[in-house]
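Here's the structure, in structure tokens; my notes come after.
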Amino acid sequence: MTNLDAGGGRPGLERKPLILIAEDEASLMTLLRYNIEKEGYRAVEAFDGEEALLVAAEDTPDLVVLDWMLPKVSGIEVCRRLRGRAETKNVPIIMLTARGEEADRVRGLDTGADDYITKPFSMTELLARMRAVLRRIRPALAEDIVSFGDVAIDRTTHRVRRGNREIHLGPTEYKLLDHFIQHPGRVFSREQLLDAVWGSGVYVDARTVDVHIGRLRKALIEGGEQDPIRTVRSAGYALDESLKT
Ligand code: CA
């Protein structure tokens, strides 16, 4: 097992997510490790299922890329055992499966894998899936600077930009935007936004949400840009996916 720190990586990351790669094909491992580190993550390798379990026990990874066909202990069994341990119960797992193993995929997802990708796959797609899974399960870990179209927020400094323009937001508007960016395209009702941004159990009138959405919108389109927030009649609000680039 090798714990490799890429150095460099994406600037501004406080703590690079640790990715456990379990793959017995040396050439694919090299390619995976190279791309994962280039993305700004740390990578730790395991060449069989037994090693994967040992490595995961030693230092809990933030995400596991797990080959289905592994020597000693199969990928599916590794997945099952990781799910059985308290420390790794919630660690996202992306399984790598061979083409056409439709039944296996279903079993993989049943066993607790969060996603699967069929070999051969493009690194771009795997990295996109990794980001999606990390963002969904552990938003804070996914990235420090998150963006949607030309809107970018820096979670370390809480600075928001649209293109080259700096946007000044109040804390509530900032939280709303961050919440939307974590779930692009998803429609949130006013109640869901209240829970997510103000916290559950806090009594705030649902119309308060409209007020803050209005402020957020105003700030985002002040430079004459397109409105990125979609109002969904009688349902709520969403980030307009058509603006995603
Ligand atoms: Ca394999």
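For ligands, and for the atoms within them, numbers begin at 1 and follow the listed sequence. Worth knowing before you read on, the calculation uses all heavy atoms, side chains too, and leaves out hydrogens, waters and symmetry mates.
Looking only at side-chain heavy atoms (C-beta outward), D59 and V44 stay at 4.5 Å or farther from each other. Contact check for T208 versus H212: side-chain heavy atoms found under the 4.5 Å cut-off.
With a cut-off of 3.0 Å, the Ca ion (ligand 1) has an N, O or S atom of D67 in range. Distances from the Ca ion (ligand 1) show that E23 has no N/O/S atom below 3.0 Å.
With respect to R83 and D114, a salt bridge is recorded, a charged nitrogen being found less than 4.0 Å from a carboxylate O.
With rounding to the nearest 0.5 Å, the separation of CG in D115 from CD1 in I117 is 7.0 Å.
Between O of M69 and OD1 of D24, the angle at the Ca ion (ligand 1) works out to 90°, rounded to 10 degrees.
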